[in-house]
Amino acid sequence: MKKILIVDDEGMNLMSTKFILSNAGYDIVTAESGEEGINILKNDGIDLLLLDVEMPNMNGIETLELIRQDEEIANTRVLFLTASTSQDDMSDAVHLGAKGFIKKPCLPDELIKSVEKTLAERSKPLILVVDDEPMNHMMIKMVFEDIYRVKCVSSGEDAITFVKNRIPDLIILDLNMPVMNGQETYENIRKVENCLNIPVVFITAEDDEDTELELFKAGAMEFIKKPFIPEIMRERIRRILELKKLQDFLNDEVSRKTSDLVESNNKVNRLFDQLVSALSGAIDAKDSYTNGHSNRVADYSKEIAIRMGKNEEEARNVYNIAMLHDVGKIGIPNDIINKPGRLSDEEFEVIKSHTVKGWKILENISEFPELAIGAHWHHERYDGKGYPDGLAGDAIPEIARIVCVADCYDAMSSNRSYRDALPQDVVRGEIEKGMGTQFDPVIAKHMLNMIDEDVNYDMREK
Ligand SMILES: [Fe+2]
């Protein structure tokens with residue numbers, strides 16, 4: 001994640017800029033003065049500085065002058081944030097290498113676009129040289145300084161301190177150093193957060209093939225023998241950096257694509273949940289006696305599924321299947337569904353057909369075949385005396401056995417036109433009595449546990 005430092009003396013501006021850029025996926029650090037900003041730049045790996053021009057004590061232009069004079073942070077990419085831009089400020093800023101101006105107040109889209117564009121511009125790669133010989137620092141700087149930023153340190157300890165604050169694009173590491181040699185330094189650098197994949201090139205005056213082989217196996221990129229030939233060294237480093245750039249690009253692309261995929265998957269899931277909810281609302285609206293029945297059966301079924309050890313996705317599927325278990329009632333005439341008195345045998349046969357009708361409605365949803373299964377067989381009984389097919393035991397799909405228990409529980413714990421919800425102990429007794437006959441005994445046991453834990457009898461139609 002790219003890290004942006006915003007320096008602005010006005011708290012409101014800081015907050016709003018931070019809000020916009022955080023939402024756009026950037027890691028944001030803030031400072032209220034130039035001095036504070038420079039300190040952060042030195043200690044934190046900052047990819048871009050957004051700098052206010054008008055500030056008391058030290059204004060933005062003066063701050064940038066100091067930044068450019070400090071070797072450690074001189075290459076910082078800077079965009080100015082300003083309310084009014086004078087010609088003098090502009091020419092000073094350009095002279096100091098600012099990447100551009102963003103006028104305050106600015107639209108979120110404009111701000112994000114400017115930041116994206118500036119961050120996408122190629123900056124010189126940073127090479128960290130770790131060598132105890134000052135002569136080597138000079139030579140390597142001469143070879144590379146026109147094309148890369150080169151930072152030199154003289155010991156393994158200093159190298160580790162450096163990489164904790166800033167991650168270089170490549171490290172050139174002397175193998176023979178006092179106190180902590182190159183190999184130990186290499187191992188320690190790899191333990192620092194985000195440093196495992198920094199390409200490391202060893203330089204050495206000796207021919208030690210065993211060490212060379214060991215370090216190659218541990219992930220070293222290249223060995224260069226001293227004294228080195230500048231052109232060849234330049235070419236080798238250039239190739240390694242090109243390769244790293246390609247790898248970084250691929251990694252970024254993969255993580256961007258992955259997060260796009262996760263987001264679109266979430267969207268599809270939300271849409272599906274909303275459709276299921278709308279459809280189950282239509283079922284419940286049709287049957288005036290069973291207000292909220294589908295939702296409650298879905299809640300109980302999901303809870304049973306969790307107790308059975310199903311994972312989050314499986315439990316979510318059980319919920320949606322249960323939401324639509326009575327979808328076939330849409331195809332049953334209203335006067336039969338809402339008939340207040342006893343049903344005739346013929347009318348009861350029509351009601352029973354909601355299972356097959358539900359199956360027919362849902363069977364074309366090929367991406368989620370269990371939806372149709374729940375609707376089709378939720379009135380089967382464990383002893384084979386249910387409908388529509390008289391399936392028994394494990395021949396009844398598990399999801400249908402779950403919905404069956406939850407469905408019967410809700411029927412007893414809900415109010416009907418001719419009676420109130422049954423007392424909890426009566427409901428419990430019926431579930432217990434049905435174990436092994438009407439219900440799968442294992443699933444019914446989970447329901448009994450849920451009832452026993454429900455000391456206030458909250459699980460019922462309110
Ligand atoms: Fe049903």
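Model, not experiment: these values are computed from the prediction. This chain uses plain numbering: 1 for the first residue, then up along the sequence. First listed ligand is number 1; within each ligand, the first listed atom is number 1.
- Among His379, His293, His354, the single residue meeting the ring pair (Phe, Tyr, Trp, His ring centres under 6.0 Å) criterion with His325 is His293.
- Around the Fe ion (ligand 1), the protein atoms of type N, O or S found under 2.8 Å away are Asp326 OD1, His354 NE2, His378 NE2, His379 NE2, listed by chain and number.
- Looking at residues two or more places apart in sequence or on another chain, you find a salt bridge (Lys or Arg N to Asp or Glu O under 4.0 Å) between Lys352 and Glu349.
- Among residues two or more places apart in sequence or in another chain, the side-chain contact (heavy atoms from CB on, under 4.5 Å) test is passed with Leu96 by Ile61, Leu64, Glu65, Arg68.
- Glu453 and Arg307 are joined by a salt bridge, as a carboxylate oxygen and a charged side-chain nitrogen come within less than 4.0 angstrom of each other.
- For Asp260, the salt bridge (Lys or Arg N to Asp or Glu O under 4.0 Å) criterion is met by Arg256, not counting sequence neighbours.
- Considering only heavy atoms from C-beta on, Pro168 comes within 4.5 Å of Val163 through its side chain.
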